[in-house]
K.L.:
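Below is a structure I'd like to ask you about.
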Amino acid sequence: MDGTFGKGCHLHLIDGSAFIFRAYHALPPLTRKSDGLPIGAVAGFCNMLQRYVEGNTGPDAPTHVAVIFDHSGKTFRNDLYDQYKANRPPAPEDLRPQFPLTRDATRAFNIACKEVEGFEADDIMATLACQARDAGGRCTIISSDKDLMQLVGGGVEMLDAMKNKRIDRDGVIEKFGVGPERVVDVQALAGDSVDNVPGAPGIGIKTAALLINEYGSLEELLDRAEEIKQPKRRQTLIDKREQIEMSKTLVQLDCNMELDFTIEDLEVLDPDPEVLLAFLAEMEFRTLTKRMADQLGQEAPVIPEASPQAAEVAAPEAVPFDRNAYTCVTSAEELQPWIDQIQQRGWVAVDTETTGLDSMVVDLVGISLCVEPGQACYIPLTHREAAADDLFGSDELAKDQMPLAQALEMLKSVLEDPAIMKIGQNMKYDAKIFARQDIAVAPIDDTMLMSYALNGGKHNHGMDTLSERYLDHTPIPIKPLLGTGKSAITFDKVPVIDAVPYAAEDADITLRLWQLFKPQLHQEKVTTVYETLERPLVPVLTKMEMDGIKVDRDTLSRMSNAFAQKMAGLEDEIYELAGETFNVGSPKQLGEILFGKLELPGGKKGKTGAYATGADILEDLATEHDLPARVLDWRQLSKLKSTYTDALQDHINADTGRVHTSYIQTGANTGRMASSDPNLQNIPVRSEEGRRIREAFIPEEGNVLLSLDYSQIELRILAHIAGIDALKQAFADGIDIHAMTASEMFGVPLDEMTPDIRRQAKGINFGVIYGISGFGLARNLRIPRAEAQGFIDRYFERFPGIRKYMDNTVEFAKEHGYVQTLFGRKIHTPEISAKGPRAGFAKRAAINAPIQGTAADVIRRAMIRMPDAIAHLPARMLLQVHDELLFEVPENAVDDTIATAKSVMENAADPAVHLDVKLIVDAGRGANWAEAH
DNA sequence: GACATCACG
DNA sequence: GACGTACGTGATGTCC
């Protein structure tokens with residue numbers, strides 16, 4: 001061949017991006033063993049190239065070939081229409097680093113690799129295809145993208161590599177109803193929801209083809225639109241003419257691009273075996289390296305086995321932290337480049353600074369953004385002028401800040417953009433702050449939750465911990481900025497110059513953690529946990545917290561007064577019995593009275609040298625003296641008053657009249673959540689007196705409260721996990737599970753069961769869930785330790801599967817350093833091999849975690865599905881209390897809501913896990929939480 | 001800020 | 001054989 005492209009030549013154009021995405025989705029998320037680099041798509045891409053090269057024989061073999069890629073960033077079509085491809089989600093995080101590698105792979109195969117800034121791969125292929133055709137040669141476009149079908153004809157064909165199907169002129173007519181030369185006309189009318197090409201509303205491919213065939217061309221059709229009979233269609237074509245014409249320019253490929261290479265440069269070349277094998281070996285593709293080596297008749301290079309530590313040692317931080325490099329953004333002009341960059345990348349780490357910690361009350365002070373490690377800015381918004389003197393803070397806004405509304409308006413487009421990932425550390429907090437500014441932040445990623453999914457049980461997941469542990473960097477502490485105690489100031493009083501490095505650094509750290517954790521989720525096989533149990537829960541909790549629950553202040557206030565009176569009466573009696581006055585609330589003083597002055601028996605000093613005066617001890621003493629019983633009563637009232645009837649009133653939000661708790665998604669190692677400020681997961685219920693506090697939790701007028709709770713969920717899960725047939729059968733038959741246990745253990749028939757025997761069996765059942773010990777059971781049942789041990793022995797004899805589960809679980813924990821829930825949540829058990837009493841703790845925790853954790857996962861799944869399930873109902877989900885969900889709903893929708901929510905909860909494990917034991921949910925309703933429960 | 005106590009599942 | 005112990009949380013008051 002003389003090198004010129006002409007008759008007898010055959011150009012192959014491979015749609016690189018299509019190859020990449022197909023490869024990515026066809027393969028599991030593989031990572032390179034040595035360092036955890038995601039390489040699944042590269043592997044698939046190489047396999048496809050290899051198969052392609054292998055198949056290049058016979059009459060259709062190419063003389064010239066190139067792989068054409070889309071250049072990242074915007075194209076000229078975005079200048080025509082800013083919404084073009086705007087609803088494309090960003091490329092998956094683990095795919096992005098693989099883009100450049102696919103270029104490397106192409107070159108390693110010695111195939112030309114082309115992309116041009118500002119153009120799509122389609123345009124390059126169009127230009128080359130036209131050149132090939134005009135030169136009298138053939139061209140095959142290896143792609144199934146219908147946008148390329150306009151190029152078919154005159155020697156140009158397409159090849160769907162997956163189906164190994166050639167698409168010629170007839171194939172195009174089959175697909176579009178028109179020939180290749182009219183494909184753009186049809187596309188202009190039909191539009192494309194994937195690429196966000198608007199087209200003519202209401203007209204699809206079928207109708208479009210009909211019209212084009214009737215009128216001959218789009219231009220003719222639009223000029224003669226008045227003639228169309230169907231009134232709606234006619235009006236659309238007249239009204240939307242401009243939009244349709246613009247659509248045509250979007251779908252019309254550019255055949256006349258200026259290229260800095262010619263077809264001749266694309267001549268087929270044999271790969272250099274050394275280069276290709278080196279690349280494949282570097283990627284650590286063992287099978288493919290060997291296969292290619294065999295094919296090329298070469299010795300396969302040796303790929304070293306990865307050392308287990310290698311992945312962990314891989315440097316997490318290439319860019320050093322530089323607090324002076326952060327930018328302070330004070331105007332729209334300065335903010336715009338940041339927004340441009342965010343849009344280009346498709347992600348941003350965000351952090352808000354506020355005047356306090358209560359997200360339902362505080363004001364927004366500033367926002368920090370970070371787009372890549374080291375590149376962060378802070379946007380001060382409502383910092384206050386430094387006080388003229390120390391006594392009076394000024395209310396004047398500090399100078400050089402951009403107006404809050406302007407900044408929010410600019411950021412809103414980014415924060416609500418479905419194609420831009422917003423990354424935060426504890427994003428729920430920031431989401432609430434933004435929600436109060438009418439900005440619905442989505443989608444989000446959360447480094448705190450990633451750490452929880454990855455490292456639950458190892459450490460807490462606060463930013464300081466994570467930064468120090470994983471970035472080896474200590475963040476600027478907030479204390480010196482705000483001060484402590486009475487002289488503490490809020491963040492708006494912090495001088496902007498001090499706020500910038502602090503705030504921007506937080507966003508910087510968050511972005512670095514995100515880049516670090518993201519690939520680890522795959523490596524540690526907790527992507528599903530993160531994606532199905534953590535991330536989707538954030539918007540659900542955000543809404544629950546913002547909705548809050550109505551609490552009646554008067555009810556609480558009246559109770560407080562009643563408690564105070566009773567306490568005063570008890571105090572008088574206590575002083576009388578003690579023979580002196582003292583602080584009843586001081587365990588230390590009480591101990592001295594009981595065991596010193598009154599010389600009651602059983603005085604045991606704890607590690608601090610003080611007598612223990614816990615409820616169990618006082619209960620024992622109650623037989624000896626009247627005083628302990630009075631103290632117990634006093635303590636109960638004191639607890640109810642201080643923690644509940646008093647404190648709860650302070651938590652009623654002035655604006656909403658409701659109480660807004662905050663859930664801590666990473667609060668418990670097992671997967672349970674915690675509730676704080678206030679804790680609404682420990683509102684009294686066990687004592688009659690305490691239970692009345694729930695009467696203050698009420699629905700809005702015309703509504704009722706609904707309580708739905710799982711019945712015996714942990715025991716059911718234990719029956720499933722440990723595979724205890726007798727337990728499963730009892731649940732299936734709806735038998736009282738504690739009575740059944742008692743019957744099995746003590747040989748008492750069910751119809752002769754006494755409450756006391758049942759109570760003991762109940763204690764054992766709970767003990768089993770907690771990792772039973774003779775001592776613990778003895779204390780709980782108040783029986784001698786030997787007797788308790790006897791119970792346990794008998795229980796294990798009767799249910800040997802339970803002991804097996806316990807042994808296996810502890811064994812698993814020792815081997816792997818973690819235990820797992822049925823849904824794959826890992827709970828790490830770093831102390832499992834500790835010596836001394838800690839070993840016992842760790843063992844029991846390891847036994848309990850899969851049970852408690854699985855139950856927690858189940859209700860999380862229910863909560864995540866609940867908003868969609870009840871969307872058609874006027875119901876709101878307000879609270880979660882571990883195995884209970886509380887709803888507020890208008891009276892007329894009560895039955896529907898119960899039926900719907902109950903079904904969601906009972907089926908929450910499906911389809912991920914099929915439980916051998918059915919989950920049962922009990923429902924209650926009422927005019928307050930006491931009635932509903 | 002540690003500790004003891006006690007509210008919940 | 002002794003250690004010490006039921007699992008998971010958060011809020012409050014005392015005391016140093």
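Order of the sequence lines sets the chain letters (A, B, ...), proteins ahead of strands, with each chain counted from 1.
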K.L.:
Can you tell me which nucleotide in C:dT5, C:dA11, C:dG8 comes closest to the side chain of A:Phe775?
P.N.:
C:dT5
K.L.:
Which string of ( ) [ ] | and . matches DNA chain C, if you list each base 5' to 3' and count Watson-Crick or G-U pairs only when both distances are under 3.5 Å?
P.N.:
......|||||||||.
K.L.:
With rounding to the closest Å, how many angstrom separate the P atoms on C:dA2 and B:dC6?
P.N.:
31 Å
K.L.:
Relative to the ring of A:Tyr611, is the ring of A:Phe595 parallel (under 30°), tilted (30 to 60°) or perpendicular (over 60°)?
P.N.:
tilted
K.L.:
Expressed in whole Å, how much space separates the C1' atoms belonging to B:dA7 and C:dC3?
P.N.:
31 Å
K.L.:
Side chain of A:Phe841, heavy atoms from C-beta onward: which of B:dC8, C:dT5, C:dA11 has the nearest atom to it?
P.N.:
C:dT5
K.L.:
With a non-hydrogen cut-off below 4.0 angstrom, is A:Glu884 in contact with a base, only sugar-phosphate, or nothing?
P.N.:
nothing
K.L.:
Please tell me which of the listed nucleotides, C:dG4, B:dC6, C:dG8, lies nearest to the side chain of A:Ala615?
P.N.:
B:dC6
K.L.:
Name the nucleic acid region contacted by A:Asn780, choosing base, sugar-phosphate or nothing; use a 4.0 angstrom heavy-atom cut-off, strictly under.
P.N.:
base
K.L.:
Which part of the nucleic acid, if any, lies within contact of A:Ile683, taking any heavy atom under 4.0 Å across all strands shown: a base, the sugar-phosphate backbone alone, or nothing?
P.N.:
sugar-phosphate
K.L.:
Could you tell me whether A:Lys458 atom NZ has more than 12 heavy atoms of other residues or ligands within 6.0 Å of it?
P.N.:
yes
K.L.:
Over all strands shown, is A:Glu714 touching base, sugar-phosphate only, or nothing at heavy-atom distances under 4.0 angstrom?
P.N.:
nothing
K.L.:
Taking 4.0 angstrom as the limit, do A:Glu695 and A:Arg558 come out as a salt bridge?
P.N.:
no
K.L.:
Between the side chain of A:Ser487 and the main-chain N/O of A:Thr484, is any donor-acceptor distance below 3.5 Å?
P.N.:
yes
K.L.:
Between A:Arg860 and A:Leu537, is there a donor-acceptor pair closer than 3.5 Å when you use the side chain of the first and the backbone of the second?
P.N.:
no
K.L.:
Is the backbone of A:Asp446 close enough, under 3.5 Å, to the side chain of A:Tyr530 for a donor and an acceptor to pair up by distance?
P.N.:
yes
K.L.:
Which whole number of Å gives the distance between the P atom of C:dG4 and that of B:dC8?
P.N.:
30 Å
